[in-house]
Amino acid sequence: MKPIKLQTKIPSLKGILAIPGDKSISHRSIMFGAIAEGETTVTNFLLGEDCLSTISCFKKLGVSIQQKEDKVIINGKGFYGLEEPSEILDVGNSGTTIRLLLGILAGRPFHSVLAGDESIGKRPMTRVTKPLRLMGAVIQGRKNGEFTPLSIKGGNVKEIDYELPVASAQVKSSLLFAGLQAQGITKVFEPVKTRDHTERMIKKFGGEIEIDGRTVRLKGGQRLSGTYIHVPGDISSAAFFLVAGAIVPNSEITLKNVGLNPTRTGIIDVMKEMGADITIIPYEDDTFEPCGDILIKSSILNGITIEGDMIPRLIDEIPVIALLATQAEGETVIKDAHELKVKETNRIDTVVYELAKLGAKIVATDDGMIIKGKSNLTGGTVSSHGDHRIGMMLSVAAAICKNEVFLENEESIYISYPSFFDHLKSLQ
């Protein structure tokens, strides 16, 4: 496709935005609605391609799902109501869909085949398939189950006591889905606390789960009941406008109804440490997922070091944090971010390569990157490399570039934020 011309030299960004629904919570709302008994209604569902892939997969598993814009109604029949699919379960570009769905299918006594796009075909699955095999699922795939397509025959899974080798909410969630169907108590220990949307949703659907620090315990054989879910705005999507508001001169943006789950708010903590003028207005009712409004203004920023336990709380936001760091005085160092190498792209190399095209002083390291600020970004032709977060980050970067910027493969942005360009334009 022909590259699109991005808006550059934007003088200011002002206004109020309602951020689209959280992608992680939207995925899980469909999954839990499908395995629960009774009707589940979901509002503010994210209409991105990834989440629509999840709906498509569960329809192929025999679940009745009605959708009208961002409202979805799922008629759940419990785990036992899922049916053997007659065709391949196509997850598209969604790593969340395939990894969590494997956990659900691990306990079902039928055969399924899962595949996705070219990017999914390169992403590692052994981190999920290995423990699910230990629980009793029969899984086959390329390179012994490392890559898609994958076939799975489940049923009669047993409990597991498993220590995650890498911090991964997707792997944890997959094992919890399998554990709900297992005999006995499943225990999952994570080296660093990761996003806890699955644990919260188990409780929301009437299940029982015990959380003790970084250990999660779950009794098998539980029956869940349908419920109502209002999906808060996705803080990973809000992050692009938080950074835009901080680095574009004379800006003031209010983001409404943003999820403020403490396992996801690393972006806010980092921005505050860098000196961003950011204000949080939390909502009082946070019994399911904390949320609130965020006000961001143009800011004077300073470089910091980002590492350790902070990384899992902002792993998806690191590309746009790298952009933020180009406008901070001094040096910003990002460490312990090996997980960036197995996202939609190798985000360490891709971020460094594309921002350097625009004039950023940035170098890659084995586990992150080093950014020297403050840089005057110029312009050029850049690419998302098929990665939605890279595409949005570069679109925000263009706002402060002095020359023309053209973006290749902008269609990837629609995977998680179909209205991104409309929202950006509305603030100008």
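Just the heavy atoms: all of them, side chains too, but no hydrogens, waters or symmetry mates, feed the values below.
Just one of Leu105, Asp90, Leu114, Val91 meets the side chain to side chain contact (heavy atoms under 4.5 Å, CB included) condition when paired with Cys57; it is Val91. Test Lys204, Arg217, Lys172 against Glu199 for salt bridge (Lys or Arg N to Asp or Glu O under 4.0 Å) and you get one pass: Lys172.
Both tests pass for Arg108 against the ring of Tyr80: distance under 6.0 Å to the centre and angle within 45° of the axis.
Between the side chain of Thr148 and the main chain of Ala115, no donor-acceptor pair closer than 3.5 Å is present. Judged by distance alone, the side chain of Thr194 and the main-chain N or O of Ala167 form no donor-acceptor pair under 3.5 Å.
In summary, Glu331 and Lys372 engage in a salt bridge, as defined by a charged side-chain N under 4.0 Å from a carboxylate O. Using a 4.0 Å cut-off between charged side-chain N and carboxylate O, Glu146 and Arg142 make no salt bridge. Look at Glu208 and Lys219 and you find no salt bridge, because none of the NZ, NE, NH1 or NH2 atoms lies under 4.0 Å from a carboxylate O.
With a 6.0 Å radius and a threshold of 12 heavy atoms from other residues, nucleotides or ligands, Glu84 has its CD atom above the threshold. Few gaps surround CD1 on Ile73; more than 12 heavy atoms of other groups in view lie less than 6.0 Å from it. The neighbour count for Gln140 CD, taken as heavy atoms of other residues, nucleotides or ligands under 6.0 Å away, does not exceed 12.
For His423, the ring pair (Phe, Tyr, Trp, His ring centres under 6.0 Å) partners two or more places apart in sequence, or in a different chain, are Tyr417. Judged as a ring pair (Phe, Tyr, Trp, His ring centres under 6.0 Å), and not counting sequence neighbours, Phe421 has no contacts.
The structure places CD of Glu317 at 13.5 Å from CG of Leu323, a figure rounded to the nearest 0.5 Å. Note that CE of Met393 is 12.0 Å distant from CD1 of Ile318, once rounded to the nearest 0.5 Å. Here Met125 contributes atom CE and Leu132 contributes atom CG; the two are 12.0 Å apart, rounded to the nearest 0.5 Å.
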Worksheet item: Is there a salt bridge (Lys or Arg N to Asp or Glu O under 4.0 Å) between Asp309 and Lys193 once you walk through the steps?
Response: CA-CA 8 Å; Asp309 291 358; Lys193 184 70 174 174; over 6 Å; no
Worksheet item: Could you go step by step and tell me if Met201 and Ile25 meet the side chain to side chain contact (heavy atoms under 4.5 Å, CB included) rule?
Response: CA-CA 9 Å; Met201 205 162 282; Ile25 298 172; 3.7 Å; yes
Practice prompt. Using the side chain to side chain contact (heavy atoms under 4.5 Å, CB included) rule, take Lys77 and Asn75 through it: C-alpha gap first, then chi angles, then the decisive distance, then the call.
Written response: CA-CA 7 Å; Lys77 297 180 181 178; Asn75 295 299; over 6 Å; no
Worksheet item: Can you check side-chain hydrogen bond (donor to acceptor under 3.5 Å, both in side chains) on Arg313 and Thr265, steps first, answer last?
Response: CA-CA 6 Å; Arg313 297 180 57 224; Thr265 50; 3.0 Å; yes
Worksheet item: Under the side-chain hydrogen bond (donor to acceptor under 3.5 Å, both in side chains) criterion, do Thr97 and Thr54 qualify, and how do the steps go?
Response: CA-CA 6 Å; Thr97 304; Thr54 293; 2.7 Å; yes
Item to complete: Dump the intermediate steps for side-chain hydrogen bond (donor to acceptor under 3.5 Å, both in side chains) on His197 and Glu289, then the final yes or no.
Response: CA-CA 8 Å; His197 302 305; Glu289 287 277 357; 2.7 Å; yes
Item to complete: Start with the C-alpha distance between Arg264 and Ser236, add both sets of side-chain angles, then the distance that settles side-chain hydrogen bond (donor to acceptor under 3.5 Å, both in side chains), and finish with yes or no.
Response: CA-CA 8 Å; Arg264 297 280 301 281; Ser236 294; 3.0 Å; yes
Item to complete: Please test Lys425 against Asp422 for side chain to side chain contact (heavy atoms under 4.5 Å, CB included), starting from the C-alpha separation and ending with a verdict.
Response: CA-CA 5 Å; Lys425 187 176 181 180; Asp422 291 337; 5.8 Å; no
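Among residue pairs with one or both ends in residues 378-393, those qualifying as side chain to side chain donor-acceptor pair (under 3.5 Å) are Glu344-His388, Thr345-Asp387, Arg347-Asp387, Glu354-His385, Ser383-Asn409, Ser384-Ser412, His388-Ser416; sequence neighbours excluded.
With hydrogens and angles left out, the side-chain atoms of Arg28 and Thr198 include a donor and acceptor closer than 3.5 Å. Using modelled atom types and a 3.5 Å distance limit, the side chains of Thr41 and Lys71 yield no donor-acceptor pair. No hydrogens or angles considered: nothing links the side chains of Ser225 and Glu37 as a donor-acceptor pair under 3.5 Å. Thr40 and Thr227 are not linked by any side-chain donor-acceptor pair at a separation below 3.5 angstrom, with hydrogens and angles left out of the test.
Between Ser174 and Leu102, the closest heavy-atom pair is OG-C, 4.2 Å.
For Phe79 and Phe177, the gap between ring centers reaches or exceeds 6.0 Å. If you look at Phe288 and Tyr228, their ring centroids are not closer than 6.0 Å.
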